[in-house]
Amino acid sequence: MRVRVATTTILGITTALLAVPACSTNSVGTEPASAPSARTGKPASNLTVLSSAALETRLLDESDLGSGYLRKPERPAQHDDVTVIGCPALNELGSDVAAGGSLTFPRKAKASFTYNGSAVEVSEELYSDSANKLSDGIGRIFEAMTGCPTYQVVAAGTPIDMASQKLAPPRGLGDEGWSQLLTFSTGARSTVVKQTAIRAGSLLLVVSGSPALVDRHLDKALDKATATS
């Protein structure tokens, strides 16, 4: 079945990874990730819905990440024809994503960074809406993707073998959490991407990229996103 999938979803990562060298995420995988900062409890939930402009100010920047990071210019959102093979749950979700559901919330902000001039990246997305809408939208996407351990997508005529693994979300962060590990394989190239989402009140944070970089920066991303001052 051919569906039109918004590139803000995880399938949008696919086209960006087609040019990534084989196993590129391993270039930082051998370096121990910084341990998350200790937390005594969940951050206070804020139910105020924020504008896109307000979300933009809460994104991490180079000064937050440290040396070696360079922000990538954002490209306009697109909708690409993608064939999903072997995952009925994603087929069912496709029409809803294309209609503007799931992660295409109107209030959003995003930043992507390369690391040490390589193809290794980490990206942060922030969304704001009612807690129920955020929870339902991100929950359905993670459920669909982790419900299919292996499947295939065809994007821009290129077949990509996919493997997904559901991970336990980090404890003590936000009100709800989701996490998964994805392996994209095409030809001799294989790329591993971790994606973790945290909902705190009316804010949804999604951090994706090299597993080591996601683990390293998730805490500080949530701290900045939920800061009230």
Side-chain angles (χ1 to χ4, degrees), residues 1-30 72-104 108 110-115 117-125 137-167 178-197 206-215:
M1 177 180 178
R2 182 173 296 274
V3 295
R4 289 182 63 80
V5 181
T7 56
T8 49
T9 70
I10 191 64
L11 289 179
I13 297 175
T14 304
T15 53
L17 293 177
L18 293 178
V20 174
C23 301
S24 63
T25 51
N26 291 336
S27 61
V28 295
T30 56
K72 294 178 58 179
E74 293 299 321
R75 293 181 297 179
Q78 300 175 350
H79 288 77
D80 298 322
D81 285 327
V82 175
T83 302
V84 181
I85 302 171
C87 187
L90 281 178
N91 279 336
E92 294 174 5
L93 189 62
S95 59
D96 181 66
V97 174
S102 303
L103 289 184
T104 55
K108 56 190 175 182
K110 180 180 179 180
S112 299
F113 301 86
T114 57
Y115 179 64
S118 68
V120 176
E121 297 184 11
V122 62
S123 67
E124 177 190 9
E125 299 167 70
I138 192 67
R140 284 184 293 118
I141 285 183
F142 270 82
E143 181 180 358
M145 298 196 66
T146 58
C148 298
T150 60
Y151 56 98
Q152 187 179 73
V153 299
V154 180
T158 301
I160 302 162
D161 293 322
M162 305 286 298
S164 65
Q165 177 186 352
K166 185 176 182 179
L167 302 176
W178 302 261
S179 191
Q180 62 180 334
L181 199 66
L182 298 163
T183 301
F184 299 75
S185 301
T186 175
R189 298 175 179 178
S190 181
T191 303
V192 178
V193 171
K194 185 173 185 178
Q195 186 176 54
T196 298
V206 183
V207 181
S208 308
S210 157
L213 297 186
V214 171
D215 291 342

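Throughout, numbering of the chain's residues begins at 1 and tracks the sequence. What you see is a predicted model; the values in this text were computed from it and never measured. Quick note: numbers below take in every heavy atom, side chains included, and nothing from hydrogens, waters or symmetry partners.
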**Item:** side chain to side chain contact (heavy atoms under 4.5 Å, CB included) between Met162 and Val153, intermediate numbers included
**Value:** CA-CA 7 Å; Met162 305 286 298; Val153 299; 4.2 Å; yes
**Request:** Take Met145 and Tyr151 through the side chain to side chain contact (heavy atoms under 4.5 Å, CB included) test and state the conclusion after the steps.
**Result:** CA-CA 9 Å; Met145 298 196 66; Tyr151 56 98; 3.2 Å; yes
**Message:** Set out, in order, the CA-CA distance, both residues' side-chain angles and the distance that settles side chain to side chain contact (heavy atoms under 4.5 Å, CB included) for Val154 and Ile160, then state yes or no.
**Reply:** CA-CA 6 Å; Val154 180; Ile160 302 162; over 6 Å; no
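Listed here is the closest heavy atom pair of Thr183 and Ser185: CG2-OG, 3.9 Å. Contact record, Ser210 with Val120: CB-CG1, 3.7 Å, taken as the closest heavy-atom pair. Considering all non-hydrogen atoms of both residues, Lys194 and Pro211 come closest at CB-CA, 3.8 Å.
Residues Val192 and Leu182 have side chains not in contact (no heavy-atom distance under 4.5 Å, counting atoms from C-beta outward). Counting heavy atoms from C-beta on, the side chains of Pro159 and Thr186 never come closer than 4.5 Å.
For the side-chain contact (heavy atoms from CB on, under 4.5 Å) test, residues two or more places apart in sequence or in another chain that qualify with Ala197 are Ile138, Phe142, Trp178, Leu204, Val206. Thr146 pairs by the side chain to side chain donor-acceptor pair (under 3.5 Å) definition with nothing, not counting sequence neighbours. Evaluation of the side-chain contact (heavy atoms from CB on, under 4.5 Å) rule for Gln165 yields Leu167, Leu181 as partners, not counting sequence neighbours. Remark: Thr114 engages Leu70, Lys72, Glu121 in a side-chain contact (heavy atoms from CB on, under 4.5 Å) (not counting sequence neighbours). For Gln152, the side chain to side chain donor-acceptor pair (under 3.5 Å) test picks out Asp161, with sequence neighbours left out.
Here Gln180 contributes atom CD and Lys166 contributes atom NZ; the two are 10.0 Å apart, rounded to the nearest 0.5 Å. Rounding to the nearest 0.5 angstrom, the gap separating the OG atom in Ser123 from the CG atom in Leu213 is 10.5 Å. In this structure, the separation between OG on Ser164 and CD on Gln195 is 11.5 Å, given to the nearest 0.5 Å.
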